[in-house]
Amino acid sequence: MGCVEEMNYEIVLRDATFKESREYVRSNFKESIDVQPGFKVFDVHVIGLPPIAIGLDGDFVIFPYTKPCHGTFLLRVEDKEEAARLRAGKK
Amino acid sequence: MADEPAAKTVTALLVLGCPQVPVQTSIALYLINRLRKAGITPVVAGNKAANTLLVVSDPDRHYLGEVIDLDRAVGLISDKKRDFDRCFVFIHNDAGVSYAATMGAISHAKLYALVYGEHYEEQVKKIDFPCTVIAAKAVHNPLPLKKAIDEVTPWAA
C-alpha cells in the first residue's frame, strides 16, 4: 500500500496487537465506527479481526494499518473529506 | 456430440507471514508441491521478503506459480475481482491472525490457519473465527508442522 507512505500520518500506536488497536480507539476517541476487514479507508484495505474500530476526531481519521513483520500501527491522518465520508456511512 | 463442460480449476492462496521464522519457506514449498500433485493451482501472496525467499529457492519455478504482493491480493479479494477455493494463512504472530481473520471475512475460500513458531499456542488462542487450525511448535525444524499438515491432508478435502 504505497499510498500510506505518501500520507502525512502520525503514528498513534506502533507494534500493537489488533485488540490493543481496537481498545485504544474505543477508549481514546469519543467518535468511532466499526467496520469489517477489507473495508477501505483512504486507499488502504484494513486488516484485522472484526469488528475493526476506526476513530474520528474532527477532521482526523484514526485507523489501523497492519504489516506482517511489525504488527498493527494505529495511524492518524487529517482529511476532511474522508472523515465526512466515514461519518456519512455511520448508522 | 456435445462438448463436455471444462473442469473448473481448483485454486489455493497461500498467505505468507513475516519470514523471520525459518520453517515458513520450506513448508510453503512443501504445501505447493502437495497441492499441485492434487491438481490444485497454488498462488502465493506475501510481502517482498517472504516472496523473494520463495522465488530464490525455486529459480526454475518447479513448484512456484503465480506470486503476488500481499496487499494487492487483499485488495483484489476485497474488491471481488478475484477469489480462491482454499486459503492457507501462515501465522506466527498477531499480524498473521489478523490476516487470517481478514481472509475469512473477505474470501469464500475454505480457510486453513497454519500456526507455528515458539509461541504458537498463544496465537491459536486468538483464533475465534471459522477455520481449520493446523498447529505445531516449529521454528527451525519444519517436520512437526509438516506432520500436522499431513494429518489433515488439506489437498484432499
Side-chain angles (χ1 to χ4, degrees), chain A residues 1-7 9 11-27 32-55 61-75 77 82 85-86 89 91, chain B residues 14-21 24 28 44-53 69-83 87 89-109 111 113 117 119 122-123 125-131:
Chain A
M1 291 173 207
C3 74
V4 168
E5 315 304 327
E6 293 159 20
M7 287 178 188
Y9 60 81
I11 298 174
V12 179
L13 274 183
R14 68 170 66 235
D15 203 12
T17 65
F18 58 81
K19 197 175 173 188
E20 288 164 351
S21 166
R22 182 197 295 154
E23 286 168 3
Y24 189 93
V25 168
R26 287 182 176 166
S27 57
S32 69
I33 58 170
D34 285 344
V35 301
Q36 291 298 304
F39 182 85
K40 217 169 177 179
V41 181
F42 298 103
D43 280 334
V44 176
H45 294 276
V46 290
I47 303 296
L49 268 73
I52 298 171
I54 308 288
V61 177
I62 300 92
F63 65 100
Y65 177 56
T66 301
K67 299 188 79 168
C69 297
H70 301 285
T72 298
F73 293 79
L74 199 56
L75 304 181
V77 176
E82 186 67 353
R85 182 184 76 84
L86 293 168
K91 300 285 179 189
Chain B
L14 280 71
V15 177
L16 303 178
C18 178
Q20 71 186 126
V21 181
Q24 176 170 272
V44 168
N47 69 7
K48 192 174 179 183
N51 285 348
T52 304
L53 276 163
D69 175 75
L70 178 56
D71 292 330
R72 183 161 171 262
V74 171
L76 288 170
I77 299 168
S78 296
D79 294 339
K80 313 284 181 209
K81 291 178 180 168
R82 195 154 182 197
D83 206 351
C87 180
V89 184
F90 287 73
I91 300 169
H92 69 86
N93 59 12
D94 188 82
V97 179
S98 294
Y99 275 98
T102 300
M103 288 301 164
I106 64 176
S107 170
H108 292 105
L111 185 63
H119 307 290
E122 193 182 312
Q123 306 309 328
K125 284 178 192 165
K126 297 177 186 173
I127 298 173
D128 61 358
F129 44 89
C131 68

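Note that the coordinates shown come from a computational prediction; the quantities given were computed from them, not determined experimentally. So that the names make sense, note that chain A is the first sequence line, chain B the second, and so on, each numbered from 1. Reckoned from all heavy atoms, side chains included, excluding hydrogens, waters and symmetry mates.
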query = Which answer fits Lys19(A), side chain, backbone, both or neither, if we ask what part of it has an atom under 4.5 Å from a heavy atom of chain B?
reply = neither
message = Applying ring pair (Phe, Tyr, Trp, His ring centres under 6.0 Å), can you list everything that pairs with Tyr9(A), at least two apart in sequence or on another chain?
response = none
message = Can you tell me which portion of Ala95(B) sits under 4.5 Å from chain A's heavy atoms? Options are side chain, backbone, both or neither.
response = both
key: Max heavy-atom pair count under 4.5 Å with chain A, selected residue of Ala101(B), Gly46(B), Ser98(B)   = Ser98(B)
Salt bridge present between Arg26(A) and Asp34(A) (N-O < 4.0 angstrom) = yes
query = Taking the side chain from Gln24(B) and the backbone from Gly17(B), do they hold a donor-acceptor pair closer than 3.5 Å?
reply = yes
query = What part of Ile77(B) lies closer than 4.5 angstrom to a heavy atom of chain A: side chain, backbone, both or neither?
reply = neither
message = When you compare the side chain of Leu16(B) with that of Pro68(A), does any pair of heavy atoms fall below 4.5 Å?
response = no
